[in-house]
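Because the structure is a prediction, the values reported are computed rather than measured. Residue numbers begin at 1 in each chain, while the letters A, B, ... track the order of the sequences.
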2 protein chains.
Amino acid sequence: MGAEMAKGLRFQPVQPVRAYQRIVEQIEEALVRGDLAPGQRLPSERELVTQFAVSRSTVREALRVLESNGVVRSRPGDPNGPEILPFSAGPLRKQMTRLARVDELTLSELIAFRMIMDGAAIQLASRLRTPEQLVEMEQTLVAMREAIEEDFDAFSEADVAFHDAVARVSRNSLIQTCNEVVRGVVLGLIADKVTHAANSRALMLESLQHHAEVVEAIRAGDGHAAARIARQNLYDYYASYVPAPEREPLRALIDD
Amino acid sequence: MGAEMAKGLRFQPVQPVRAYQRIVEQIEEALVRGDLAPGQRLPSERELVTQFAVSRSTVREALRVLESNGVVRSRPGDPNGPEILPFSAGPLRKQMTRLARVDELTLSELIAFRMIMDGAAIQLASRLRTPEQLVEMEQTLVAMREAIEEDFDAFSEADVAFHDAVARVSRNSLIQTCNEVVRGVVLGLIADKVTHAANSRALMLESLQHHAEVVEAIRAGDGHAAARIARQNLYDYYASYVPAPEREPLRALIDD
DNA sequence: GAGTTCAGCTGGTCAGACCAGTGGACTAGG
DNA sequence: CCTAGTCCACTGGTCTGACCAGCTGAACTC
C-alpha cells in the first residue's frame with residue numbers, strides 16, 4: 001500500500017465537544033452577529049430544550065457557563081426568560097484577580113505592576129485631562145485632607161477615590177480595571193501586616209503632600225514628572241513590606 | 001413601638017445564592033488557601049455529591065462554571081477525577097477579546113496598554129538582565145533576521161519570541177501574562193485589516209532594526225531609552241490602524 | 001514476563017418530578 | 001372608570017434515578 005508520510009503535516013490535539021458547549025457557542029455567535037442584543041430575553045429553559053433538542057440539564061449547564069461569563073442572568077420565576085446582559089468588565093476583573101492571586105506571584109511583582117499601572121494612568125491623565133477633571137482630582141485631595149481628621153479607613157477610602165479619579169481621566173478602561181484589581185490584591189495581602197505606624201497622622205499628611213505634588217505635575221502637563229513622583233510615592237509606601245532582595249525591580253522603575 | 005430609623009444606614013441589594021455557587025466558592029477558596037493546588041485532582045462527581053450533600057446536577061453546574069473559568073478540567077472516564085489546572089491566560093484573553101469585540105474596549109486602548117506593558121518589561125529587563133539573558137535576546141534577533149527569508153508568518157512568530165524573551169527577563173509574571181494576552185488580542189483584531197504592505201521585506205527589515213536598537217539600549221542598561229524606543233516602534237507599527245482622533249493617548253506615552 | 005481481556009469506575013446526557021418564587025391576568029372594590 | 005387585591009400558569013433551582021461511552025488498572029492468558 002502506498003503509505004505516504006506528508007512532510008510538515010501537523011495534527012491538532014482533539015478533545016470531545018460536549019453538547020452544552022455547542023449551545024454556548026451558538027448563543028455567543030448569535031450575540032456577535034447581533035441577532036441577540038443586551039436587554040433581550042432568551043426563551044425559557046424548557047423552550048430551549050425543544051429548540052436545541054437536548055435535555056434540560058444540558059441547557060442548564062450551558063446557561064451556567066454563560067452566566068458565569070457575564071453574558072446572561074437567570075432569575076427564578078421570571079416569565080420572560082434569561083436576560084442578555086450588557087457587556088461588563090466584571091468577568092474580566094474576575095480573571096485578572098485570579099491571575100493576581102496565583103501564589104507564584106510575589107508581593108514585589110504586584111507592587112511593581114501597581115507602580116507601572118498607576119504611573120501610566122497618571123502620565124496619560126497629564127495629557128488628556130480637561131479643566132473640569134483637574135478640579136475633580138483636586139476635590140479628591142480635599143476629601144483626603146478632611147478624612148485625616150476621621151480615621152485611617154476614611155483616609156484609605158479617599159486615597160482609593162483619588163487613584164480611581166486619575167485612572168478615569170486616563171480614559172483607558174483596561175488601565176482602570178488593572179489598577180483597581182492590583183490595588184485590591186495588594187491591599188489584601190498587606191492588610192494583616194500593616195503596622196500601627198502606617199496610620200499615624202504624620203504619615204497621612206506626608207501621603208497627602210505627595211498626592212498634591214502629583215496633581216501639581218498633572219496641572220503642569222508634565223506627565224513624566226507626575227508619573228515619576230507617583231511611582232516614588234508607591235515605593236516609599238510599600239517598600240518596607242518587600243524583602244530587601246526583591247526591591248531591585250521596584251527601584252528600576254523609579255530612577256530612569 | 002420604638003421604630004427608630006438609623007441614619008446613614010444602607011442595605012445592599014440581595015440576590016439568592018444558588019447551591020452551585022457555594023460549591024464554586026468553596027473550591028475557589030480552597031485554591032487560594034492552598035489546600036488545592038494545580039495538578040491535584042478533585043473527588044469524582046459522585047463523591048462530591050456526598051461531600052456537598054447536593055444532587056449531581058448541582059455539582060455538575062459548579063464544575064461547568066469552574067471549567068469555563070479554566071480552573072478545572074473534566075475528562076470522561078478518568079478515574080482520578082477532575083484535574084486542577086495551572087493558571088492559564090486563556091480565559092483572561094477570552095474576556096478581553098469579548099470586550100474588544102463590542103467596542104467596550106477600543107483598539108486604541110489596547111495598543112496603549114501594550115505600549116505600557118512592553119515598555120515596562122523592557123525597562124525592567126534593562127536593569128535585571130544577566131549576560132546570558134542578553135545573549136538569549138540577541139539570539140531571538142538572529143532568528144528574526146533568518147525568518148525574513150521565509151515568510152511573514154515566520155517573522156511574526158520570531159517577533160513574538162523576542163517580546164516573550166524580554167518579558168521573561170523582567171521576572172514579573174504579571175507583566176508576562178498581560179503582555180501575552182494583550183498582544184494576542186491586538187493581533188486578532190487587526191488580523192483581517194492587515195495590509196499586504198505590512199509584510200513587505202522592507203518593513204520587516206525596519207522592524208528588525210528597531211528591535212536591535214532596543215537590545216542595544218538594554219545592553220547599555222539604559223532602561224528609559226530602551227522603553228522609549230520600544231514604545232515608539234509599537235506606535236509606528238500600529239498607529240495606522242487607529243482612527244486619528246484616538247492616537248492622542250498613544251502619543252502621550254511616547255514623548256516624555 | 002509481555003500482551004490481552006475485562007470489570008468497575010468515570011463523566012456526559014437524558015427523563016421526569018417537586019418546590020418556591022415571579023408576574024401578568026383577572027376580579028372585587030372604590 | 002380606575003385601583004387594589006387575588007390567583008394561577010409558568011419560571012428557574014434542585015433532586016432522583018437511569019443509561020451510555022470511555023478510561024484505567026488489575027486479573028488473566030499466552
Side-chain angles (χ1 to χ4, degrees), chain A residues 11-28 30-31 36 38-85, chain B residues 11-28 30-31 36 38-85 88 91:
Chain A
F11 291 113
Q12 295 296 321
V14 49
Q15 67 265 19
V17 180
R18 277 149 287 188
Y20 81 88
Q21 286 180 327
R22 302 252 214 88
I23 297 180
V24 170
E25 285 169 18
Q26 280 201 46
I27 292 181
E28 285 191 328
L31 223 144
L36 236 44
Q40 290 184 358
R41 301 307 188 100
L42 245 38
S44 75
E45 293 184 359
R46 287 164 176 87
E47 172 63 24
L48 290 174
V49 163
T50 73
Q51 288 196 25
F52 286 112
V54 295
S55 77
R56 192 146 93 98
S57 328
T58 304
V59 167
R60 295 198 101 253
E61 291 183 16
L63 286 177
R64 292 293 81 75
V65 168
L66 290 171
E67 191 157 359
S68 109
N69 286 6
V71 179
V72 303
R73 179 184 52 182
S74 292
R75 277 186 317 149
D78 188 341
N80 296 321
E83 181 182 3
I84 306 280
L85 294 179
Chain B
F11 290 114
Q12 295 296 322
V14 51
Q15 68 266 17
V17 180
R18 277 150 286 188
Y20 79 89
Q21 287 180 328
R22 301 246 220 92
I23 297 180
V24 169
E25 285 169 18
Q26 280 201 46
I27 292 181
E28 286 191 327
L31 221 144
L36 237 43
Q40 290 184 0
R41 301 307 188 99
L42 245 38
S44 75
E45 293 184 359
R46 287 164 176 87
E47 172 63 24
L48 290 174
V49 164
T50 72
Q51 289 197 23
F52 286 112
V54 296
S55 76
R56 192 146 91 98
S57 332
T58 304
V59 167
R60 297 199 98 253
E61 291 183 17
L63 287 177
R64 290 294 80 77
V65 168
L66 290 171
E67 191 156 358
S68 107
N69 286 5
V71 179
V72 304
R73 179 184 52 183
S74 293
R75 276 186 319 149
D78 188 341
N80 297 322
E83 181 183 3
I84 307 281
L85 295 179
S88 143

Student: Starting from C1' on dA21(D), measure out to CD on Q15(A) and report it in whole angstrom.
Tutor: 17 Å

Student: So which atom in T58(A) and which in A19(A) form the shortest heavy-atom distance, rounded to 0.1 Å?
Tutor: CG2-CB, 3.7 Å

Student: Working to the nearest 0.5 angstrom, can you tell me the gap between L66(A) CG and L85(A) CG?
Tutor: 10.5 Å

Student: Nearest 0.5 Å please: distance from the CG atom of N69(B) over to the CD atom of E67(B).
Tutor: 10.5 Å

Student: Would you compute the distance between atom CZ of R41(B) and atom CG of D78(B) and round it to the nearest 0.5 angstrom?
Tutor: 4.5 Å

Student: What integer distance in Å separates E83(B):CD from dC23(D):C1'?
Tutor: 15 Å

Student: Reading nucleotides 9-17 of chain D from the 5' end, what letters show protein touch, with B for base, S for backbone sugar-phosphate only, - for no heavy atom under 4.0 Å?
Tutor: --BBBBBB-

Student: State whether E61(A) and R64(A) are salt-bridged, where the test is any N-O pair (Lys NZ or Arg NE/NH1/NH2 against Asp/Glu carboxylate O) under 4.0 Å.
Tutor: no

